[in-house]
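Computed from heavy atoms alone, side chains included, the values below leave out hydrogens, waters and symmetry copies.
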Amino acid sequence: LLGGIHAGSCDARSDRATAPQLELALRARRGLVRGLRAATGGARSTPAGPAFVSVRGGLEEVVHALRARLADVEVQTGAAVEEVAPLPGGRVRLALSDERAVEADGAVLAVPAFAAARLLRRACPVAAEELGAIEYASVATVMLAYRRSAMSMELEGSGFLVPPTQRLVLTACTWSSSKWTHLGGDTVLIKGSVGSAGDGRALELGDDALACHAHADLARLMGVREQPLHAHVVRFDDALPQYHVGHLDRVARIEAALAGGLPAVQLAGAAYRGVGVGSCIRDGERAAARVADRLICSA
């Protein structure tokens, strides 16, 4: 389950970083299953709410809402940050791709680890080396639409994961029209996941070939009887950071290096303490609070 969700190997994954509740459950009882049952109130406990929630209108609404709340903040787009450099007095200088520069009392780098490594290579090489060692997996999603008559089974639940031993193109499948009630209707919407850390062979296929292979897997696993009405492939290169064993120790070393050499800079994002939206929000709030606390202390 953990390996499939994060597009990586469960054998190399740090449970403490990926699913700390599992470690707590294991320590709480003699056995993982006993510990999880105790933590959830019993094997037959029922969730208090829906298993999946999202934002009405899609996650882009979060971006629109944030932008609306930043009405009194200057937002600059169209120029990438090329390098971060220290300034006297503990400030930082951000060199931009359009040859401008921004000087700031503090900065939060909410970018992938490999991008942060590039920005910090000269200013903080120790942190940059550790950041560059965080591996990423490239993945793709294949969206397929079928007539309901194409289904040979009732799509109860939300989908399934495919063990690597099956050697299929699909690594997971979400029954989107079952998972999200507003997508229900005469058309069945299925989203397949492709790609994992260390195995990008399927991603070398073109979009049409990838969609054909995904459909073939669904026909084999689910007995889908008809060709899809529509197929759409979206690729995400270097999208999912891999939390290998020792990941949290690596994050601590990165933060210690920045605190000692570039204290005005904080990091936030999926590469550190969780890949989910909620985890990224908490990480961003934590980084912003650290910048604010430093400015208050130095005032």
Angle between ring planes, Trp180 versus His182, binned at 30° and 60°: parallel, tilted or perpendicular? tilted

Should we count NZ of Lys179 as having more than 12 external heavy atoms under 6.0 Å? yes

Do Thr141 and His232 come close enough that some side-chain heavy atom pair is under 4.5 Å? no

How close do Ser152 and Gly223 get, heavy atom to heavy atom, and via which atoms? OG-O, 3.1 Å

To the nearest 0.5 Å, atom CG of Asp237 lies from atom CG of Leu203 at 8.0 Å

Just wondering, do Gln76 and Leu96 contact through their side chains at under 4.5 Å, heavy atoms? yes

Is the number of heavy atoms from other residues, nucleotides or ligands within 6.0 Å of CG (Asp208) greater than 12? no

Is it true that Val142 and Met151 fall in one hydrophobic cluster, defined by side-chain heavy atoms closer than 4.5 Å? yes

Around Glu129, counting heavy atoms of other residues, nucleotides and ligands shown, do more than 12 lie under 6.0 Å from its CD? no

Determine whether more than 12 heavy atoms belonging to other residues, nucleotides or ligands lie under 6.0 Å from atom CZ of Arg67. no

Is it true that Arg147 and Glu226 make a salt bridge, defined as a side-chain N closer than 4.0 Å to a carboxylate O? yes

Arg225, CZ: over 12 other non-hydrogen atoms inside 6.0 angstrom: yes

With a 4.0 Å cut-off on N to O distance, would you call Glu255 and Arg273 a salt bridge? yes

Hey, are Arg286 and Asp283 close enough for a salt bridge, meaning a charged N less than 4.0 Å from a carboxylate O? yes

Minimal heavy-atom distance between Met143 and Val234, with the atoms involved, is CE-CG2, 3.6 Å

Linking I/L/V/M/F/W/Y whenever any side-chain heavy atoms sit under 4.5 Å apart, do Leu119 and Tyr272 land together? yes

Between Ala137 and Ala197, what is the shortest heavy-atom contact and its length? CB-N, 3.6 Å

Can you tell me if CZ on Arg148 sees more than 12 non-hydrogen neighbours from other groups inside 6.0 Å? yes

Whether the side chain of Thr174 engages the backbone of Ser176 through a donor-acceptor N/O pair (distance < 3.5 Å, no angle test) should be reported. no

Consider only side-chain heavy atoms of I, L, V, M, F, W and Y, link residues closer than 4.5 Å, and tell whether Val194 and Leu144 are in one cluster. yes

Heavy-atom pair with the smallest gap, counting every atom of Val291 and Gly106: CG1-CA, 4.1 Å

Quick check on the hydrophobic clustering: are Leu170 and Trp175 connected, directly or via other members, by side-chain heavy-atom contacts under 4.5 Å? yes

Under the side chain to side chain contact (heavy atoms under 4.5 Å, CB included) test against Leu258, which residue among Leu120, Val126, Leu109 passes? Leu120

Take a 6.0 Å sphere around CD of Glu99 and say whether it holds more than 12 heavy atoms from other residues, nucleotides or ligands. no

Taking the six-membered ring for Trp, is the centroid-to-centroid distance between His215 and Tyr146 below 6.0 Å? yes

Note, Val251 side chain near Ile134 side chain (heavy atom, < 4.5 Å): no

What pair of heavy atoms forms the shortest contact from Gly269 to Cys280, and how long is it? C-SG, 4.0 Å

Any donor-acceptor N/O pair, Tyr136 side chain to Pro112 backbone, under 3.5 Å: no

Flag, side chain of Ser97 to backbone of Ala80, donor-acceptor distance under 3.5 Å: yes

Contact check, side chains of Ser138 and Phe236, non-hydrogen atoms, under 4.5 Å: no

Please say yes or no: joined through hydrophobic side-chain contacts below 4.5 Å, possibly via intermediate residues, are Met153 and Phe160 part of one cluster? yes

Val108 versus Leu267: any side-chain heavy-atom pair under 4.5 Å? no

Using only heavy-atom distances, determine whether the side chains of His6 and Gln242 contain a donor-acceptor pair under 3.5 Å. no

In the structure I gave you, are the side-chain heavy atoms of Ser178 and Glu156 within less than 4.5 Å of one another anywhere? no

Could Asp15 and Arg13 be called an ion pair, given the rule that one side-chain N must be under 4.0 Å from one carboxylate O? no

Side-chain donor or acceptor of Ser193 paired with backbone N/O of Cys173 under 3.5 Å: no

Inspect the contact between Arg235 and Asp207 and indicate whether a charged nitrogen and a carboxylate oxygen are less than 4.0 angstrom apart. yes

Could you check whether any side-chain N or O of Ser14 sits under 3.5 Å from a backbone N or O of Tyr243, counting only pairs where one atom can act as donor and the other as acceptor? no

Look at the side chain of His247 and the backbone N and O of Ala271, then say whether any donor-acceptor pair between them is shorter than 3.5 Å. yes

